[in-house]
Undergrad: 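I am attaching a structure below and will ask some questions about it afterwards.
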Amino acid sequence: MPDRDEAARLVDHAQIEGLADELLPALIAKLGATGLGELELREGDWRVRLRRSADGAGAAAKGALGRSTRSGPGHLDHAHPAAPEAPRDAYRSAATSPAVGVYHPRPEIASGSRVRAGDRIGSVDVLGIPQEVVAPVNGIVGAGLVENGDAVEYGQELVWIELISTPAERGGRDA
Amino acid sequence: MPDRDEAARLVDHAQIEGLADELLPALIAKLGATGLGELELREGDWRVRLRRSADGAGAAAKGALGRSTRSGPGHLDHAHPAAPEAPRDAYRSAATSPAVGVYHPRPEIASGSRVRAGDRIGSVDVLGIPQEVVAPVNGIVGAGLVENGDAVEYGQELVWIELISTPAERGGRDA
Amino acid sequence: MFSKILIANRGEIAVRILRACRTLGVEAVVAYSEADRESLAVQQADEAICIGPADAKRSYLSAPAVISAAIVSGCDAIHPGYGFLSEDEGFAEVVRAHGLTFIGPPPQVLERFASKEATRRLLGAQGLATIPGSNGMLRDDLHGLEEAERIGYPVLIKPSAGGGGKGMRMVRTPRELEAALKICRSEARAAFGDDSLYLEKWLEDNRHVEVQVAVDRFGHGVHLGERDCSVQRRHQKFLEEAPTPALGDAARGELADRAIRAIVAAGYENVGTLEFLVDPAGKAYFIEINCRIQVEHPITEMLTGIDLVVTQIRIAAGEPLGFSQADVTLRGHALEFRINAEDTQHDFRPSSGVVERYLAPGGPGVRVDSHLFTGYEVPPFYDSLLGKLIVWGPDRPTAIARSLVALDELVIDGLVTNLAIHQALLRNETFLAGKMTTNLVDRVGAAAFLAAAAR
Amino acid sequence: MFSKILIANRGEIAVRILRACRTLGVEAVVAYSEADRESLAVQQADEAICIGPADAKRSYLSAPAVISAAIVSGCDAIHPGYGFLSEDEGFAEVVRAHGLTFIGPPPQVLERFASKEATRRLLGAQGLATIPGSNGMLRDDLHGLEEAERIGYPVLIKPSAGGGGKGMRMVRTPRELEAALKICRSEARAAFGDDSLYLEKWLEDNRHVEVQVAVDRFGHGVHLGERDCSVQRRHQKFLEEAPTPALGDAARGELADRAIRAIVAAGYENVGTLEFLVDPAGKAYFIEINCRIQVEHPITEMLTGIDLVVTQIRIAAGEPLGFSQADVTLRGHALEFRINAEDTQHDFRPSSGVVERYLAPGGPGVRVDSHLFTGYEVPPFYDSLLGKLIVWGPDRPTAIARSLVALDELVIDGLVTNLAIHQALLRNETFLAGKMTTNLVDRVGAAAFLAAAAR
């Protein structure tokens, strides 16, 4: 986008913020209540289209055709790993399983430990061969989502890593 | 959209709020009642488009599953009667067939004849029994859509009746 | 063979007849009401013609509209499907008067079998045991009371015309009879335009078994085995199967043999179904004949491999049957589930609406005859049948096991359906033991039946 | 019987195996890659487990991932479907080493039949005529040239491992042979990790006929008739039928009898398919065996009424077959159309995308095995099979007539499919006369073939 000045960009941002913060939630709620599939708003150059996620192929099909999981006792019984398009949590990120197998956290990595992206925080045993579970981001080890010895599938979220941010950063974000 | 001031934003918000709270419910009801797939409305800079989530549904289904009519020679070969939701022509209205059979216009009713709503302008023979074709509105007989002796189906448009309006009305409409 | 056939029906049977025409290489025109403009049959048809408004009396039940449509579209035959004009001998006669062929028995044959009571006497004379009943139509209430006394209570009041449970009622006392006669008369008049009633002995714990026959113009006839339609709710069939678990192989064969001999001797022509009640001792009493294709014909097709609609069209076109009784072999077991837009939670109230998502099951032995598609809007004007799931297996347990899987796979979102009653049946011990009688569901009521299965 | 089966495959065959498990009342777990998260099998499954990313080498082809998934989900058996790990004797061995059952032949049987060249010798010794070919694997190009000279041109280069046309090429001269050997070697290495090649005499105008067998652990075996898979494009089958129009009833029976006798004598176990080339004189030469369920198994199910996947699972569980050759009766004629996401206008380039609308055909004799549904997004990572339309009729002309109707009814919007090639075939005179050979399409090229049918 050529020669747009800073002022114009700021205006755009303000408009988007306005849409996003104040209007959209109300409209989204409305959309949810009505059974309508889509809403579109335009403001000048901007266009916002709300489309019910159940409307699109994947999600809708899932809802429509999906059946509740009936797992027998002692079997895998957890939500499927989050779909890639799921919104990311702004303050934390999950370490996921590199394989289908049995999860073992590293004993020395406890809740509250500080880790850097790429640090090994546990393993998933695949036929006796451990596959590394690594921290996806720098942060502090948070709540575990599975227990030591649990069966896990590929891509399953295993443990939260809380993002580290300075108070200033955090204040800025919240402002 | 450069330099929009706070006042403008407030106006927008008021407009959207108006849309959301007052207009949407009514429109949604309308959408439900009509069988239409989509509605769009504008207020100020804002445009809201409502699309029925079952949209894939009715309208698209026709397109998707329909196949071109392959009628043999000498057989009925015309468009299916207009669907109820088809937009109405503002200046004319068609007399439609009351039955499936063979169409005969009244010889004394020619193009240019003035007719009143309810006037018999022809008949459709059903097993030799004539069923009256009547003018749907006051007007002037216009172009015929089928010929004398043609096979017609129920609801088929047979002949246009041009609406009569005073020059003033017409001027007003065209202005 | 015909050059072009008008299909004067709607829903799944219009789709089914269209398939038969296309398999035969015969052109077909689908006649439809305004409410069925977006229907699957209309979309699939090479040619379709609107014959009237949604109101069936002015479209699918209007003989002039249907015949006029056939004439102006250049058809030489009319297939009436089931219901609507399919068993109307007056209609068949007018069709012939216009130089067209009615696909079904010729008018004089339809007329001969038009009265249920006369048919019972006719086939009784040909050696079929008939259920004890009134001597002719009831002249009045007094005649009804006298005849009921003679036959012995309980008795079943039945209308001479029509089918589908309308105008039928079982009564156990003279007092109930008097009250019911009035209701049945007005129901029959409303439904069939004919309020003649007669009485039949009511058998407790009976089974409903019917024999499928096909007889050509040359008097050559075969049976295609029998079907068990005992699973009913208020005299409405909703799950059929074949062979019947009620009879052994020898008894089944004997029943079918007697049926085809009698019906050929009585001069029947085209496909038809002889209905019997079977008592707990296995004795079969003839009750009535259906002179048309039945909703449940696919289970016979699954067992025999014979296309009954094609057979029906061929016979009506004057072709010989082309196969003999020895060529008819029955293989395995089949069930048909009528999928209705009915709310099982609310007294099976019919529902309508838009099919938001439709996915038919597949795999070995599974056949689906339906007019549904994703986005189809079910109109509220006609019966509630959405389609039929037909499941075949080499034996009854396998057919039932596959049925459970197929019912589970079937997706019809956006509509309330009667799937729950089918799933309840397939878990009912009496049904699983093959011991269902026509009162299986009504004895406890459908709601209690559903609740029992859910436990 | 197993208590829980891991389905280590995707697409229509995962759905098919799931149906078999549910019919048997056995729990099943669908193993899926990230790309198949929204697939029909995953949605229908009571339990599903993600085994890896879209890349098949790290999911469906990863023995550790599949076996680990079976263990952690409590399965005691693995069904590999077709393709992927289904004929990998190393995988079967590791499965057994982990105390699980591989649903297919036991590892030692798979190993015995792993080399095509060795299998040809083994079954040749059991009385099956085999096609003249090289004496063992080709040591080098010179050996290949010598052997080709001995056999006589034209010859077919074939890889020892794998299937599906990869690494196969027909050559007519020594010069062509030298050039093709290099290409086939690299294709075979890339596809199967094994570049061993051998030669077979190439029969012009041959037919591809295969015999379906089932042998239990107790050496009790039956054949289930044969299938004709002559309709191919570049060695890829895309339309199969049974019975084969290439042979008379007596010759068909004799071929199947010889096949089952030889394979039982050779110690085979579980379901399998013996492939033959049939020359214009009707002589059948054994070429190879497929030790798994085939894509085209449903046409045999239509004819016999026997569920081959259920049979496969039962045999793997150690159950006796439970029926004898006399219980296997073949009825009618069936065709299978492989519906692929391929652009027939652009050299059958694979396509992917979202299925905007899907509607399967129905009616008598029509079966659809597919994993499609409206809204499904076909991932670009795997083969292009969208499903199979299987059509049965009492005879070949009826089956073909019904097929035309069913192909016309099938709606798959949003994707480019190969429907056109099927419709072209059903209008091709050579095919209609039942005289198709494996070079029917390639002789003129698919584009010219399509254009000819369109005229």
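In what follows, every chain begins at residue 1, and chains take the letters A, B, ... in the order their sequences are listed.
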Undergrad: Non-hydrogen atoms of chain C under 4.5 Å away: do they reach the side chain of D:Leu18, the backbone, both or neither?
TA: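 For D:Leu18, neither part sits under 4.5 Å from chain C.
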
Undergrad: Which atoms of D:Pro364 come close to chain C, meaning under 4.5 Å heavy atom to heavy atom: side chain ones, backbone ones, both, or neither?
TA: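 Both parts, backbone and side chain.
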
Undergrad: Under 4.5 Å, counting heavy-atom pairs only, tell me which of C:Met302, C:Lys388, C:Arg16, C:Glu12 racks up the most with chain D.
TA: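 Among C:Met302, C:Lys388, C:Arg16, C:Glu12, the one with the most close pairs to chain D is C:Arg16.
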
Undergrad: Quick one: which of D:Leu40, D:Thr374, D:Leu372 gives a side chain to side chain contact (heavy atoms under 4.5 Å, CB included) with C:Leu359?
TA: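 Testing C:Leu359 for a side chain to side chain contact (heavy atoms under 4.5 Å, CB included) against D:Leu40, D:Thr374, D:Leu372 leaves exactly one candidate, D:Leu40.
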
Undergrad: From C:Ile400 CD1 over to D:Thr23 OG1, what is the distance, rounded to the nearest 0.5 angstrom?
TA: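 OG1 of D:Thr23 is found 12.5 Å from CD1 of C:Ile400.
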
Undergrad: Hey, could you give me the CZ/CG distance between C:Arg402 and D:Asp307, rounded to the nearest 0.5 Å?
TA: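 Rounded to the nearest 0.5 Å, the CZ-CG separation comes out at 5.0 Å.
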
Undergrad: Taking the side chain as everything from C-beta on, heavy atoms only, tell me whether D:Thr329 gets closer than 4.5 Å to C:Arg331.
TA: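 Counting from C-beta outward, D:Thr329 and C:Arg331 do come under 4.5 Å.
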
Undergrad: Quick one: of D:Leu404, D:Thr398, D:Asp369, who has the most non-hydrogen atom pairs under 4.5 Å with chain C?
TA: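 With the most close heavy-atom pairs to chain C, the winner is D:Asp369.
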
Undergrad: With chain D, which of C:Thr304, C:Ile390, C:Val310, C:Val366 has the greatest number of heavy-atom pairs at distances under 4.5 Å?
TA: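 Highest number of heavy-atom pairs under 4.5 Å: C:Thr304.
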
Undergrad: Identify which part of C:Arg19 has an atom lying under 4.5 Å from any heavy atom of chain D, answering side chain, backbone, both or neither.
TA: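 Interface part for C:Arg19: both.
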
